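Just so it is clear, the values below take in all heavy atoms, side chains as well, and ignore hydrogens, waters and symmetry mates. Since this is a predicted model, take the numbers as computed values, not measurements.
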Amino acid sequence: MRYIAIIFWGFILGQVSVYLGSALSGGSYDFMIATMTGIFTALIVVLVSALMPKTASHK
């Protein structure tokens, strides 16, 4: 469930960031580029979190 939430929010934040970037630069908004950017970034976050060593929790 955690991975689904990360990919969902990656999709949403990718759309927002590409929309704002294109609006501020005067360019055109492209849905596919925004989708690929968001999903790619979310997958990188998932991979980095999986590769990081786990720390012992204190009780």
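- Listed by chain and residue number, F11, Q15, F31, I39 satisfy the side-chain contact (heavy atoms from CB on, under 4.5 Å) test with T35 (two or more places apart in sequence, or in another chain).
- A pairwise comparison of heavy atoms in S28 and S22 identifies O-CB, 3.7 Å as the closest pair.
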Report task. Please test I6 against L43 for side-chain contact (heavy atoms from CB on, under 4.5 Å), starting from the C-alpha separation and ending with a verdict. Result -> CA-CA 8 Å; I6 291 171; L43 291 176; over 6 Å; no
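- Listed here is the closest heavy atom pair of G14 and S17: O-OG, 3.1 Å.
- Linking ILVMFWY residues whenever their side-chain heavy atoms come closer than 4.5 Å, directly or via other members, leaves M36 and L20 in distinct clusters.
- Hydrophobic clustering (side-chain heavy atoms under 4.5 Å, transitive across Ile, Leu, Val, Met, Phe, Trp, Tyr) groups W9 together with V16.
- Residues satisfying the side-chain contact (heavy atoms from CB on, under 4.5 Å) criterion with I44, sequence neighbours excluded, are F40, V48.
- Cluster annotation: Y19 and M32 are assigned to the same hydrophobic cluster (Ile/Leu/Val/Met/Phe/Trp/Tyr, side-chain heavy-atom contacts under 4.5 Å, transitive).
- No path of Ile, Leu, Val, Met, Phe, Trp and Tyr side chains, each step under 4.5 Å between heavy atoms, connects V45 with V18, placing them in separate hydrophobic clusters.
- T37 and T41 make their closest contact through O-OG1, 2.8 Å (heavy atoms, listed as atom of the first residue, atom of the second, distance).
- Surrounding OH of Y29 are more than 12 heavy atoms belonging to other residues, nucleotides or ligands, all under 6.0 Å away.
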